[in-house]
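A short write-up of the structure that comes next.
First the proteins, then the strands, lettered A, B, ... as listed; each starts at 1.
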Protein chains: 2
Amino acid sequence: MQVTVQPERTLSPLVKKLQLWGPLDDAAQEAILALPHKVEELLPHKYIVREGDRPSYSCLLLEGFAFRHKVLVDGSRSINAIHMKGDMVDLQNSLLGTADHSVQTLTRVTAAFIPREAIRQIAFDVPAVGMAMWYDTLVDASIFREWIANIARRDAASRIAHLLCEFGLKLEAIELGDRLSYEMPMTQEQLADATGLTAVHVNRTLMDLENRGLIARAKKFVAISDWKRMEDVAGFTDGYLHLRDESSVLQ
Amino acid sequence: MQVTVQPERTLSPLVKKLQLWGPLDDAAQEAILALPHKVEELLPHKYIVREGDRPSYSCLLLEGFAFRHKVLVDGSRSINAIHMKGDMVDLQNSLLGTADHSVQTLTRVTAAFIPREAIRQIAFDVPAVGMAMWYDTLVDASIFREWIANIARRDAASRIAHLLCEFGLKLEAIELGDRLSYEMPMTQEQLADATGLTAVHVNRTLMDLENRGLIARAKKFVAISDWKRMEDVAGFTDGYLHLRDESSVLQ
DNA sequence: CGAGCGTTTGATCGGTGTCAAGGATCGTGG
DNA sequence: CCACGATCCTTGACACCGATCAAACGCTCG
């Protein structure tokens with residue numbers, strides 16, 4: 001893969017994402033936009049990183065959706081994160097060295113590949129950027145913790161409702177949609193692997209949520225009829241996403 | 001709380017822990033040891049941080065064990081990590097600002113409290129330390145991902161066997177024990193909250209593992225009879241702990 | 001020695017998994 | 001634009017793992 005420096009605004013989704021956690025001054029923004037990178041289009045279901053790889057590039061999503069997952073020895077799959085525009089989809093793998101999980105596209109994706117050495121450099125040359133990226137990985141970890149609680153302690157209806165609330169809020173945060181109505185890019189089997197259920201039970205649970213008047217569905221589109229009731233069913237509170245956290249180190 | 005600078009080797013467990021991820025030169029080590037901090041003794045079951053707090057100190061474990069957990073709206077509890085000597089137990093909470101989960105002692109604990117501003121400063125003044133701390137939080141995230149898979153896709157016996165393998169390996173990594181035989185500081189109820197089970201079922205499962213000749217138990221002590229068989233039952237592979245990862249950014 | 005916590009055991013229930021098959025939708029190529 | 005195959009969704013019957021409820025037991029530490 002060839003790396004080219006593109007002085008345009010290609011990487012602006014990253015600037016926007018990192019600014020969710022706190023303002024960045026012009027110098028910091030310019031430094032991000034100036035990162036060397038190479039843009040690629042990827043088809044659905046394509047692997048970005050495979051478990052065991054030693055990626056030397058980090059992948060930034062510019063368009064489309066992707067997910068992280070592990071495959072266990074018995075062949076079952078566990079999805080542990082869904083990613084969207086502006087997410088550094090394998091910062092974790094590329095800095096850690098050997099990938100402990102795979103990353104795969106969900107839809108058609110446009111992605112920028114940035115050399116990991118460039119990430120490391122900008123992190124320390126421009127501390128504000130380094131802190132924002134560190135913060136970003138800490139928020140990812142916070143979401144992992146919430147998923148552990150979701151899968152460990154909630155029943156099927158709550159788990160799925162929770163995932164739908166989270167997805168809507170994340171879309172809204174990056175100004176890509178409305179928490180109350182959006183296109184959900186996952187199949188029921190993928191939802192199952194993200195919630196520790198089976199595809200059959202996800203199907204029944206979605207129909208149940210629909211029958212109870214909590215959601216409406218049409219093709220891949222989901223509409224949440226009553227956000228408050230949905231939050232109640234999900235046991236959802238948005239603190240773990242750390243959107244608008246007034247007391248972070250970044251403020 | 002009063003902060004005092006102690007030029008001794010009190011913080012050496014942190015140096016040792018961070019060196020799991022790669023060597024640190026003398027200057028970096030000295031900088032860590034010189035961090036301002038205050039040492040405290042804590043009784044078992046005492047809260048170090050509560051969800052919703054805005055901690056301005058990070059807590060480093062010098063002795064004893066602690067765990068992180070969330071309490072859901074229905075009152076159920078989800079434990080998402082166990083911590084031991086050398087772990088920065090609430091780096092995540094203190095940098096994020098508002099704690100999204102609680103941290104509690106498991107046993108009697110000796111801990112050093114370090115101001116978060118000092119953490120932030122050392123991270124950028126001494127990039128090697130900053131990178132090691134970032135790396136450390138990435139390994140935590142990797143462990144969270146494995147726990148998601150553990151709870152989502154393994155049965156009760158595998159989940160518990162997996163937790164026992166992980167605990168033993170972590171003890172061994174910090175030279176505090178032997179993976180094959182150690183004192184497990186958790187009650188069966190805590191094990192249940194860490195594996196998404198109930199205390200009753202943990203009890204039955206432990207007895208089952210014992211009857212199958214996989215483990216032996218006496219009081220709080222656990223002995224793993226056959227590591228290889230235990231790994232098989234657990235579906236355990238140690239890659240996600242990133243001990244001896246030859247291709248990280250730190251090497 | 002007693003209280004409290006943690007462990008063990010039994011009986012029963014229920015949520016979710018499994019297996020199997022049919023139906024809908026989508027993407028692709030003719 | 002239609003045909004066709006593949007993927008995804010839906011439905012039913014049944015099985016089973018782990019939850020629940022209840023009670024007794026045994027440490028351990030004041």
Side-chain angles (χ1 to χ4, degrees), chain A residues 43-46 67 72 74-79 104-108 150-163 183-212 215-222 233, chain B residues 43-46 67 72 74-79 104-108 150-163 183-212 215-222 233:
Chain A
L43 293 175
H45 315 304
K46 185 159 186 305
F67 66 101
L72 309 203
D74 69 352
S76 61
R77 182 174 66 167
S78 171
I79 294 179
Q104 211 174 344
T105 59
L106 216 40
T107 60
R108 176 176 270 276
N150 197 37
I151 294 170
R153 287 293 181 232
R154 286 194 260 257
D155 66 17
S158 301
R159 286 186 213 177
I160 291 178
H162 192 279
L163 189 149
E183 187 177 351
M184 160 52 67
M186 301 169 75
T187 67
Q188 293 181 0
E189 187 174 358
Q190 290 159 343
L191 284 172
D193 288 337
T195 50
L197 299 166
T198 56
V200 171
H201 203 64
V202 166
N203 182 273
R204 291 192 230 271
T205 306
L206 282 172
M207 301 187 82
D208 180 51
L209 290 174
E210 195 165 24
N211 290 335
R212 288 156 68 186
I215 62 172
R217 294 182 301 151
K219 311 233 173 143
K220 289 274 186 183
F221 289 87
V222 178
V233 169
Chain B
L43 292 176
H45 315 304
K46 187 163 184 303
F67 65 100
L72 309 203
D74 68 352
S76 61
R77 181 175 68 167
S78 171
I79 293 179
Q104 212 175 343
T105 59
L106 216 38
T107 61
R108 175 175 272 276
N150 197 37
I151 294 170
R153 286 293 181 234
R154 287 194 259 257
D155 66 18
S158 302
R159 285 186 213 178
I160 291 177
H162 193 280
L163 190 148
E183 186 178 351
M184 160 52 68
M186 301 169 75
T187 66
Q188 293 182 2
E189 187 174 358
Q190 289 160 344
L191 284 171
D193 288 337
T195 50
L197 299 167
T198 57
V200 171
H201 202 64
V202 166
N203 181 273
R204 292 193 228 271
T205 306
L206 281 172
M207 300 188 80
D208 180 50
L209 290 174
E210 195 165 23
N211 291 334
R212 288 157 67 186
I215 61 172
R217 294 181 300 152
K219 311 233 172 142
K220 289 273 186 184
F221 288 87
V222 178
V233 168

With respect to the phosphate group of C:dT8, does any side-chain polar atom (N or O) of B:Arg217 fall under 4.0 Å of OP1 or OP2?
-> yes
B:Gln190 vs C:dG6: side-chain N/O to OP1/OP2 distance below 4.0 Å = no
Would you say A:Gln188 reaches D:dT10's phosphate, i.e. side-chain N/O to OP1/OP2 under 4.0 Å?
-> yes
Rounded distance in Å - NZ (B:Lys220) to C1' (D:dG26) | 14 Å
Quickly work out the A:Ile160 CD1 to C:dG15 C1' distance and round it to whole Å.
-> 13 Å
Specify the separation, in whole Å, of atom CG of B:Asp193 and atom C1' of D:dA19.
-> 14 Å
Nearest to the side chain of B:Thr187 - C:dG6, C:dT8, D:dC9?
-> C:dG6
Can you name the one residue among B:Val202, B:Ile215, B:Val233, B:Asn150 that meets side chain to side chain contact (heavy atoms under 4.5 Å, CB included) with B:Ile160?
-> B:Val202
Looking only at side-chain N and O atoms, does B:Asn203 come under 4.0 Å of OP1 or OP2 in C:dT7?
-> no
Between atom NE2 in A:His45 and atom P in D:dA6, what is the gap in whole Å?
-> 15 Å
B:Lys220 and B:Glu183 ion-paired at < 4.0 Å = no
Residues A:Arg212, A:Asp208; criterion salt bridge (Lys or Arg N to Asp or Glu O under 4.0 Å); working and verdict = CA-CA 6 Å; A:Arg212 288 156 68 186; A:Asp208 180 51; 3.2 Å; yes
Can you tell me the distance, in whole Å, between the CD atom of B:Glu210 and the P atom of C:dT7?
-> 13 Å
A:Thr198 side-chain proximity, nearest of D:dG18, C:dT16, C:dT18 = C:dT18
Would A:Asp193 and B:Arg153 pass as an ion pair if we require N to O under 4.0 Å?
-> yes
Hey, does the side chain of B:Ser76 reach the backbone of B:Leu72 with a donor-acceptor pair shorter than 3.5 angstrom?
-> no
To the nearest angstrom, how far is A:Arg204 atom CZ from C:dT18 atom P?
-> 12 Å
Given C:dC26, is OP1 or OP2 found less than 4.0 Å from the side-chain N or O atoms of A:Lys219?
-> yes
Could you state the atom-to-atom distance from CG of A:Leu191 to P of D:dC8 in whole Å?
-> 12 Å
Gap between atoms NE2 and C1', on B:His201 and C:dG15 respectively (whole Å) = 14 Å
Tell me which of A:Ala157 and A:Val200 sits closer to the 5' end of DNA chain C, going by the nucleotide each one is nearest to.
-> A:Ala157
